[in-house]
Q: 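Starting off with a structure, shown below.
In what follows, chains carry the letters A, B, and so on, assigned in the order in which the sequence lines appear, proteins first and then strands, with residues in each chain numbered from 1. Predicted model, so just to flag it, every value in this text is computed and none were measured.
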2 protein chains.
Amino acid sequence: MQPPFHRLVEFVPLSAEEAEMARGWLVDSRRIARGKPIRQEGEPVKGVFFLLDGWAGSSLLLRDGRRQIVKVHLPGDMLGFPSLALSHAGETLEALTDATICSFPNAAIGRMFRELPRLAMALFLSTQKERVALMQKLSWVGATSAMERLTAFLLDLHHRLQAAGLAQAGCFDFPITQQQLGELLGMSTVHINRTFKSLDETGCISRGRGRIEVLDFAGLQRLAASFPPDFAGHDAWARLDNSSRF
Amino acid sequence: MQPPFHRLVEFVPLSAEEAEMARGWLVDSRRIARGKPIRQEGEPVKGVFFLLDGWAGSSLLLRDGRRQIVKVHLPGDMLGFPSLALSHAGETLEALTDATICSFPNAAIGRMFRELPRLAMALFLSTQKERVALMQKLSWVGATSAMERLTAFLLDLHHRLQAAGLAQAGCFDFPITQQQLGELLGMSTVHINRTFKSLDETGCISRGRGRIEVLDFAGLQRLAASFPPDFAGHDAWARLDNSSRF
DNA sequence: CGGGCTATTGAAGTTGATCAATAACGGTGG
DNA sequence: CCACCGTTATTGATCAACTTCAATAGCCCG
């Protein structure tokens, strides 16, 4: 199976040498069972992770026991970068399905910056893009209705699954519970359920045992009034690589 | 006046040479009037900005005309980095008060990665820390009540203002309108007003013409049930700089 | 077949939104 | 200095979205 490097090469195509090295990183992978933590909030930050297979979640715990799932990670995503600037992790990483990850120690990141500036830049851009995604999620949660949030999430998810080669013809696995969906979108399980049901009844999607099929993209997009335009900039590297006065 | 470099040197102390260079960047600064855009969503991304003075905001526009303010920036903050990975800006940057900024073209970032890996790393860590802050804000907006959000924001703001040397004895300027506060915290102006009033009545803070004084930090923290522990990791650089197997 | 998690549904209660009106403030030009 | 105007803050009343509580049904797994 081809390792999911689509997120890594999005901004900077890897040289043969870099690709070889990247493949070497994957030898030491680890399997995590559904529901198990990869790293808990508050633990010392020893490195970051690369999600090879399965879904994972980043979440924050609130004092009252609630938690907010901040992001659902798909195969090819890098986990744990935000905490790199902290001594102790600011986020919990958890397997949402059975998952396979591999780890990179802190020092590997430092070394990359010193020795592989192109790759470091790619990584940098990739995390900036995550930041945009996070900003968009904040705007959904802060300023839209339950239905808009749900549809926007589904559209975004489909988009990302497709990029990872995990969706075909609008059809994809959907292995997360409504409880998790509630924690992700900032609403109660009950309301998720009702909203989901009423979305189902519009005919735009159809649900079945852990899978979802999108039947009407245009309809979904109409419901997700706030779904943002895609300003993807795959030429970002070119724009940055241009030498010029510093 | 000392330029506000506290955010830049947080992770990596600047060498004399780097500090000299950094000072040189500031020569070309620009003044922006309150309420004026620095860069609008959808415009081509030509570079990033450094906020020298005043407050600024990053916001996203939704199709229905609402907007979500994603972050309030204070002097010393860097603006516009998330859009660096995009061809067209994904966020609007706007002066919330009269402000002074200076700009860095894209190519300067690329050059930094190639020639000043220490600085690039510092920048990288700084943006990762922003990501944590954003995740925390998402958790406030998604999972807490109006009062918790408001108090958490005030505590965070005070913390950041203090780091910038802009707060003393719990007292600081507060130049943003309740409308903007609503857009920031994801609630209506009216409800901001009521929540603010009732917070005022607890005696934990006192408000006056564009200023706020915190009278009871412990009380505020009790109200902000979700205010996160501070996992600041100023030794991050050391952990990453350690050479080791890659 | 049972046990535990997950989904679904109903009813009642809250929070916060919306609509609408008034008051206070800040800056401007006369 | 004052009158005026637009912006911002404040308050009341009503309304809608969403939460909470509670109960039942379905599903998966051993």
Q: Write down the distance between CE (A:Met187) and P (D:dA17), rounded to a whole number of angstrom.
A: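 Whole-Å distance recorded here is 12 Å.
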
Q: Would you say the side-chain atoms of A:Arg31 and A:Thr100 include a donor-acceptor pair closer than 3.5 Å?
A: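 A:Thr100 and A:Arg31 do have a side-chain donor-acceptor pair below 3.5 Å.
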
Q: Using only heavy-atom distances, determine whether the side chains of A:Thr127 and A:Glu130 contain a donor-acceptor pair under 3.5 Å.
A: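 No, A:Glu130 and A:Thr127 have no side-chain donor paired with an acceptor closer than 3.5 Å.
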
Q: Start at the 5' end of DNA chain C and walk down; is the nucleotide closest to B:Val190 or to B:Thr195 reached first?
A: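 The answer here is B:Thr195.
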
Q: Using atom CG of A:Leu185 as one end and atom P of D:dA17 as the other, report the distance to the nearest whole Å.
A: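 It works out to 18 Å between those atoms.
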
Q: Is the number of heavy atoms from other residues, nucleotides or ligands under 6.0 Å of B:His159 NE2 greater than 12?
A: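 Not more than 12 within 6.0 Å, no.
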
Q: Taking only the side-chain heavy atoms of A:Arg194 (C-beta and beyond), determine which of C:dG16, D:dA9, C:dT9 contains the nearest atom.
A: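 Minimum distance to the A:Arg194 side chain belongs to C:dT9.
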
Q: From CG of B:Leu199 over to P of D:dA9, roughly how many Å is that when rounded to an integer?
A: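 Between P of D:dA9 and CG of B:Leu199: 15 Å.
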
Q: A:Gln180 has an atom CD; how far is it from atom C1' of C:dA7, in whole Å?
A: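 Whole-Å distance recorded here is 14 Å.
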
Q: In whole Å, I'd like the distance from the CG atom of A:Leu181 to the P atom of C:dT8.
A: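 It works out to 12 Å between those atoms.
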
Q: Ring of B:Phe174, cation from B:Arg207 - is the NZ or CZ under 6.0 Å from the centre and inside 45° of the axis?
A: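 No; the conditions do not both hold, so B:Arg207 does not lie above the ring face of B:Phe174.
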
Q: Rounded to whole Å, how long is the line connecting atom CE of A:Met147 with atom C1' of D:dA16?
A: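 Interatomic distance, CE of A:Met147 to C1' of D:dA16: 15 Å.
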
Q: For B:Ser188, answer base if it contacts any base atom (sugar-phosphate contacts may also be present), sugar-phosphate if it contacts only those atoms, and nothing otherwise; contact means non-hydrogen atoms under 4.0 Å.
A: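 It contacts base atoms.
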
Q: Any side-chain N or O of B:Arg34 less than 4.0 Å from the OP1 or OP2 oxygen of D:dT7?
A: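 So the side chain of B:Arg34 is outside the cut-off, no N or O lying under 4.0 Å from OP1 or OP2 of D:dT7.
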
Q: B:Gln178 side chain N/O closer than 4.0 Å to the phosphate oxygens (OP1, OP2) of D:dT10?
A: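 True: B:Gln178 side-chain N/O within range (under 4.0 Å) of D:dT10 OP1/OP2.
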
Q: Rounded to whole angstrom units, what separation is found between the CZ atom of B:Phe196 and the P atom of D:dA9?
A: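 Distance check: B:Phe196 CZ to D:dA9 P gives 9 Å.
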
Q: Is there a donor N/O on one and an acceptor N/O on the other, under 3.5 Å, for the side chain of A:Arg209 and the base of D:dG26?
A: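 No pair found.
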
Q: Does B:Arg39 reach the main-chain N or O of B:Gly47 with its side chain, forming a donor-acceptor pair under 3.5 Å?
A: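 It does hold such a pair.
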
Q: Can you tell me if B:Lys197 touches the phosphate of D:dT11, counting only side-chain N or O atoms and a distance under 4.0 Å to OP1 or OP2?
A: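 Checking D:dT11 against B:Lys197, a side-chain N or O does come within under 4.0 Å of OP1 or OP2.
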
Q: So, does B:Asn193 get its side chain near the phosphate of D:dA9, meaning an N or O under 4.0 Å from OP1 or OP2?
A: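 Indeed not, no polar side-chain atom of B:Asn193 lies that close.
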
Q: Under 4.0 Å: is that the gap between some side-chain N or O of B:Arg207 and OP1 or OP2 of D:dT10?
A: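 So the side chain of B:Arg207 is within the cut-off, an N or O lying under 4.0 Å from OP1 or OP2 of D:dT10.
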
Q: How many whole angstroms separate atom CD1 of B:Ile192 from atom P of D:dT11?
A: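 Result: 15 Å.
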
Q: Choose from D:dT8, D:dC18, C:dA17 the nucleotide whose nearest atom is closest to any side-chain atom of A:His191.
A: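 Of the candidates, D:dC18 comes closest.
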
Q: When the nearest nucleotide of DNA chain D is assigned to A:Thr189 and to B:Thr189 on a heavy-atom basis, which residue is associated with the more 5' position?
A: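 On the 5' side of the pair lies B:Thr189.
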
